[in-house]
Amino acid sequence: MENPILDLKKEIIIWVNNLDDLDILSELIELKSKDKSIPLISEARSEYAVKDDFDERFAKGMSSTESRKRTKAFIESLPWKK
């Protein structure tokens, strides 16, 4: 079932993309500035800031020797048919 709001938003986006009238675009900007419920993109992105902790996670990881031991133990635990 389609959401009628999404259909309307898509129609408006298409209309604005094809719009070349500066007066109408100015009115849209004024309307946008009056509506405080529309969050700015820059504010929304701050919520998704991700810390780059690759070096910390890498340092906490297992060594190659430990990896080989675990791999060998896993292979030996498989139900091999003889």
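Residue numbers start at 1 and run along the sequence shown.
- Here the NZ atom belonging to Lys34 is positioned 6.0 Å from the CD atom belonging to Glu30, to the nearest 0.5 angstrom.
- Leu8 CG: more than 12 foreign heavy atoms inside a 6.0 Å radius.
- The CD atom of Glu27 sits 8.0 Å away from the CG atom of Asp21 when rounded to the nearest 0.5 Å.
- At a threshold of 4.5 Å between non-hydrogen side-chain atoms, the residues Leu28 and Leu19 count as touching.
- A donor-acceptor contact shorter than 3.5 Å links the side chain of Ser26 to the backbone of Leu22.
- Rounding to the nearest 0.5 Å gives a distance of 14.5 Å between CD1 of Ile75 and CZ of Arg70.
- Taking NZ of Lys69 as the reference point, atom OG of Ser63 lies at 7.5 Å (rounded to 0.5 Å).
- From Leu6, atom CG reaches atom CD of Glu11 across 13.0 Å, with rounding to the nearest 0.5 Å.
- Between Lys60 and Glu56 no salt bridge is recorded (no basic side-chain N to carboxylate O distance below 4.0 Å).
- With contacts defined as side-chain heavy-atom distances shorter than 4.5 Å, the pair Ile29/Ser33 does not qualify.
- Judged purely by atom type and a 3.5 angstrom limit, Trp15 has no side-chain atom pairing as donor or acceptor with the backbone of Lys10.
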